[in-house]
Amino acid sequence: MHLLVTGGAGFIGSNFVHHVIAHTDHHVTVLDKLTYAGNRASLEGLPDARLTFVQGDICDAALVDELVAAADAVVHYAAESHNDNSLDDPRPFVDTNIMGTFTLLEAVRRHGTRFHHISTDEVYGDLELDDPARFTETTQYNPSSPYSSTKAGSDLLVRAWVRSFGVRATISNCSNNYGPYQHVEKFIPRQITNVLRGERPKLYGSGENVRDWIHADDHSAAVLTILDRGTIGETYLIGADGEKNNKDVVELILTTLGQPADAYDHVTDRPGHDLRYAIDSSKLRRELGWAPRFSDFTAGLADTVQWYRDNEAWWAPQKDATEARYRAQGQ
Ligand code: NAD
Ligand code: TDX
């Protein structure tokens with residue numbers, strides 16, 4: 001198979017490309033704009049014979065048409081992905097997440113190409129801390145931020161293109177990912193690299209907010225499973241039963257790096273900050289037989305900490321600018 005992977009130089013997209021090259025015979029073409037979040041170095045070391053890299057915008061209809069025409073399937077990761085940025089300047093989120101997805105859908109409609117859309121659990125809004133419920137495929141959409149509302153909009157476009165035009169698409173909504181190649185603006189890499197630089201981690205508000213963590217490699221395996229065996233038109237939730245509050249995660253990062261568990265600061269909370277996400281992934285496990293491999297969060301986090309220790313050259317160029325942006329927001 002020839003896969004077109006959009007956003008393949010970003011965090012989860014690059015983990016997926018590494019996974020596909022290691023576990024299949026597929027050829028991969030990556031289409032990535034290389035925004036501040038994309039990094040060509042995340043794909044270094046992969047064989048040229050298996051990977052073609054194209055720098056370009058998913059909103060460029062002519063380029064997208066040409067690349068889709070040559071592919072057997074499209075896996076669509078490209079997005080503006082950071083909630084805090086979407087509160088500062090929502091425009092690129094509407095452009096890339098909505099118009100970019102629309103541009104891809106029109107191309108796969110023309111060419112009859114299989115399409116898999118990568119989305120997030122944030123489209124469902126948030127849950128109370130003591131609510132026994134978790135998100136399922138039938139939970140009502142209720143997004144909170146400009147980021148999550150544009151992801152919700154893109155999901156609805158995919159559903160409409162399936163129903164109205166017979167596009168052969170599936171959707172997955174995954175919980176919070178961790179692992180190598182994640183931008184230092186995101187929670188876990190920000191705190192790891194703060195400690196490595198002798199700075200204190202920064203916890204938004206009380207730190208009681210809960211995220212449901214999954215290793216990026218488990219996400220990749222789930223996406224390949226859906227691409228292979230998923231039913232067209234269906235949505236699958238991806239999660240690994242990894243609920244943790246932010247305070248516990250910061251304390252674990254600090255102790256993993258040999259620091260006192262309370263050596264962090266509380267900073268200004270994120271406006272509209274979602275309280276809790278939790279995924280029920282039993283449909284994917286039951287119907288397609290997927291299961292996560294990284295069930296020990298402490299061990300997975302320790303590997304991730306080690307990766308940032310070993311790869312300072314990858315993250316250091318972005319660290320100062322990222323922290324300057326946060327400082328300007330009081331975070
Ligand atoms: P990221 O910000 O690390 O990477 C996004 C990539 O898309 C970058 O390489 C960037 O250059 C590229 N890109 C942005 N705009 C583009 C455009 N107009 N044209 C082409 N390329 C463009 O994001 P991520 O965390 O890897 O997220 C990838 C996908 O997974 C997103 O769709 C996101 O909504 C979804 N997701 C992320 C998480 C998470 O925990 N990070 C969880 C669930 C779902
Ligand atoms: O410095 C910080 N301190 C802090 O307490 C940062 C950057 C974040 N936080 C909190 C906010 C969240 O409760 O940590 C939690 C995780 O924050 P992010 O890494 O920004 O992730 P989140 O907002 O949960 O969204 C992520 O998961 C779902 C991804 O960025 C999205 O792309 C994905 O859809």
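All figures in this text were calculated on a predicted structure; none of them were measured in a lab. Starting from 1, each residue takes its place in the sequence as its number.
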**Message:** Does any part of the side chain of Thr35, heavy atoms only, come nearer than 4.5 Å to the side chain of Glu80, both counted from C-beta?
**Reply:** yes
**Request:** Just do the side-chain contact (heavy atoms from CB on, under 4.5 Å) check on His18 and Asp217 with the steps written out, would you?
**Result:** CA-CA 9 Å; His18 282 273; Asp217 197 55; over 6 Å; no
**Message:** What I'd like to find out is whether the side chain of His215 reaches to under 4.5 Å of the side chain of Pro180, using heavy atoms alone.
**Reply:** yes
**Residues which pass salt bridge (Lys or Arg N to Asp or Glu O under 4.0 Å) with Glu234, listed by chain and number, not counting sequence neighbours** = Lys283
**Request:** Look at the aromatic rings of His23 and His19 and report parallel, tilted or perpendicular, splitting at 30° and 60°.
**Result:** tilted
**Request:** Mind listing the closest non-hydrogen atom pair of Pro143 and Ala152 along with its distance?
**Result:** CG-CB, 3.8 Å
**Qualifying residue, where the test is salt bridge (charged side-chain N to carboxylate O under 4.0 Å, His left out) with Glu323 and the options are Arg190, Lys202, Arg200** = Arg190
**Asked** Applying the 4.5 Å side-chain criterion to the ILVMFWY set and letting contacts propagate, would Met99 and Val108 be lumped into a single cluster?
**Response** yes
**Prompt:** In the single-linkage hydrophobic clustering (I, L, V, M, F, W, Y; side-chain heavy atoms under 4.5 Å), do Leu31 and Val20 co-cluster?
**Reply:** no
**Request:** Check whether Leu46 and Leu3 end up in the same hydrophobic cluster, where Ile, Leu, Val, Met, Phe, Trp and Tyr are linked by side-chain heavy atoms less than 4.5 Å apart.
**Result:** yes
**Prompt:** When you look at Trp213 and Val249, which way does the side-chain contact (heavy atoms from CB on, under 4.5 Å) test go after all the steps?
**Reply:** CA-CA 10 Å; Trp213 294 100; Val249 174; 3.9 Å; yes
**Request:** Considering only Ile, Leu, Val, Met, Phe, Trp and Tyr, and joining two whenever side-chain heavy atoms are under 4.5 Å apart, list the other residues clustered with Leu129.
**Result:** Val210, Leu275
**Message:** Could you go through Ser175 and Glu243, starting from their C-alpha distance and side-chain angles, then the distance that decides it, and tell me whether this counts as side-chain contact (heavy atoms from CB on, under 4.5 Å)?
**Reply:** CA-CA 10 Å; Ser175 61; Glu243 282 187 70; over 6 Å; no
**Asked** Asn311: what forms a side chain to side chain donor-acceptor pair (under 3.5 Å) with it, not counting sequence neighbours?
**Response** none
**Message:** I'd like to know if the side chain of Asn209 pairs up with that of His273 as donor and acceptor (distance under 3.5 Å, no hydrogens or angles considered).
**Reply:** yes
**Message:** Whether Arg211 engages the ring of Phe187 as a cation-pi pair (distance to the six-membered ring centre under 6.0 angstrom, angle to the ring normal within 45°) should be assessed.
**Reply:** no
**Asked** Is a side-chain donor or acceptor of Arg50 paired with a backbone partner of Val28 at a separation under 3.5 angstrom?
**Response** no
**Complete:** All heavy atoms of Leu203 vs all of Ser206, minimum pair found to be CD2-O, 4.4 Å
**Prompt:** Are any non-hydrogen side-chain atoms of Met1 and Thr24 less than 4.5 angstrom apart?
**Reply:** no
**Complete:** With sequence neighbours left out, the residues meeting side-chain contact (heavy atoms from CB on, under 4.5 Å) with Leu237 are Tyr124, Phe135, Glu137, Asn173, Thr235, Ile279
**Item:** Minimum-distance pair of heavy atoms, taken over all atoms of Ala133 and Leu127
**Value:** O-CD1, 3.5 Å
**Asked** Is there a path from Ile226 to Ile12 through hydrophobic residues (I, L, V, M, F, W, Y) whose side chains come within less than 4.5 Å of each other?
**Response** yes
**Side chains of Thr225 and Tyr236 in contact at under 4.5 Å (non-hydrogen atoms)** = no
**Request:** Show the numbers, then the answer: is there a side chain to side chain donor-acceptor pair (under 3.5 Å) between Lys319 and Thr193?
**Result:** CA-CA 8 Å; Lys319 183 66 180 168; Thr193 55; 2.9 Å; yes
**Request:** Compute whether any side-chain donor of one residue and acceptor of the other, for Arg134 and Thr139, lie under 3.5 angstrom apart.
**Result:** no
**Asked** Would a 4.5 Å heavy-atom cut-off, applied to side chains only, mark Thr150 and Thr96 as touching?
**Response** no
**Matching residue for Asp320 among Arg327, Arg325, Arg197 - test: salt bridge (charged side-chain N to carboxylate O under 4.0 Å, His left out)** = Arg197
Do any side-chain atoms of residues 156-169 form donor-acceptor pairs under 3.5 angstrom with protein atoms, and if so which ones, sequence neighbours left out?
unit_1	atom_1	unit_2	atom_2	d
Trp161	NE1	Glu106	OE1	2.9
Ser164	OG	Ala160	O	3.0
Arg168	NH2	Gly112	O	2.8

**Fill in**
Quick note, side chain to side chain donor-acceptor pair (under 3.5 Å) partners involving residues 58-76, not counting sequence neighbours, are Thr6-His76, Asp65-Arg110, Asp65-His111, His76-Thr101
**Request:** State which residues pass salt bridge (Lys or Arg N to Asp or Glu O under 4.0 Å) with Asp84; sequence neighbours excluded, sorted by chain then number.
**Result:** Arg270
**Asked** Taking only residues two or more places apart in sequence or in another chain, which ones pass side-chain contact (heavy atoms from CB on, under 4.5 Å) with Arg285?
**Response** Asp241, Ser281, Trp290, Pro292
**Message:** Any side-chain to backbone donor/acceptor pair from Asn176 onto Asp212? Under 3.5 Å, distance only.
**Reply:** no
**Asked** Excluding sequence neighbours, so at least two apart, what forms side chain to side chain donor-acceptor pair (under 3.5 Å) with Asp310?
**Response** Gln306
**Message:** With side chain to side chain contact (heavy atoms under 4.5 Å, CB included) as the test, pick out the partner of Phe294 among Asp218, Ile214, Leu301.
**Reply:** Asp218
**Prompt:** Can you hop from Val68 to Ile58 via hydrophobic side chains spaced under 4.5 Å?
**Reply:** yes
**Prompt:** Please, which pairs that meet side chain to side chain donor-acceptor pair (under 3.5 Å) have at least one residue in residues 36-48, sequence neighbours excluded?
**Reply:** Tyr36-Asn85, Tyr36-Glu185, Ser42-Trp314
**Summary of side chain to side chain donor-acceptor pair (under 3.5 Å) pairs that have at least one residue in residues 246-262, sequence neighbours excluded** = Lys247-Glu251
**Message:** Quick one, Leu63 and Asp57 - any side-chain contact, counting heavy atoms below 4.5 Å?
**Reply:** no
**Message:** With salt bridge (charged side-chain N to carboxylate O under 4.0 Å, His left out) as the criterion, how do Arg276 and Glu208 come out once you've worked through the C-alpha distance, each side chain's angles and the decisive distance to 0.1 Å?
**Reply:** CA-CA 9 Å; Arg276 171 173 162 250; Glu208 297 299 309; over 6 Å; no
**Fill in**
Sorted by chain and number, sequence neighbours left out, side chain to side chain donor-acceptor pair (under 3.5 Å) with Thr138 holds for Thr136
**Item:** Tyr181 and His183 aromatic centres sub-6.0 Å
**Value:** no
**Prompt:** Side-chain contact, heavy-atom cut-off 4.5 Å: Ile118 with His116?
**Reply:** yes
**Prompt:** Above 12 or not: heavy atoms from other molecules or residues under 6.0 Å from CG of Asp25?
**Reply:** no
**Message:** When you compare the side chain of Leu252 with that of Phe297, does any pair of heavy atoms fall below 4.5 Å?
**Reply:** yes
**Message:** Between Leu196 and Trp315, does the side-chain contact (heavy atoms from CB on, under 4.5 Å) criterion hold? Intermediate values first, please.
**Reply:** CA-CA 11 Å; Leu196 291 176; Trp315 57 263; 4.0 Å; yes
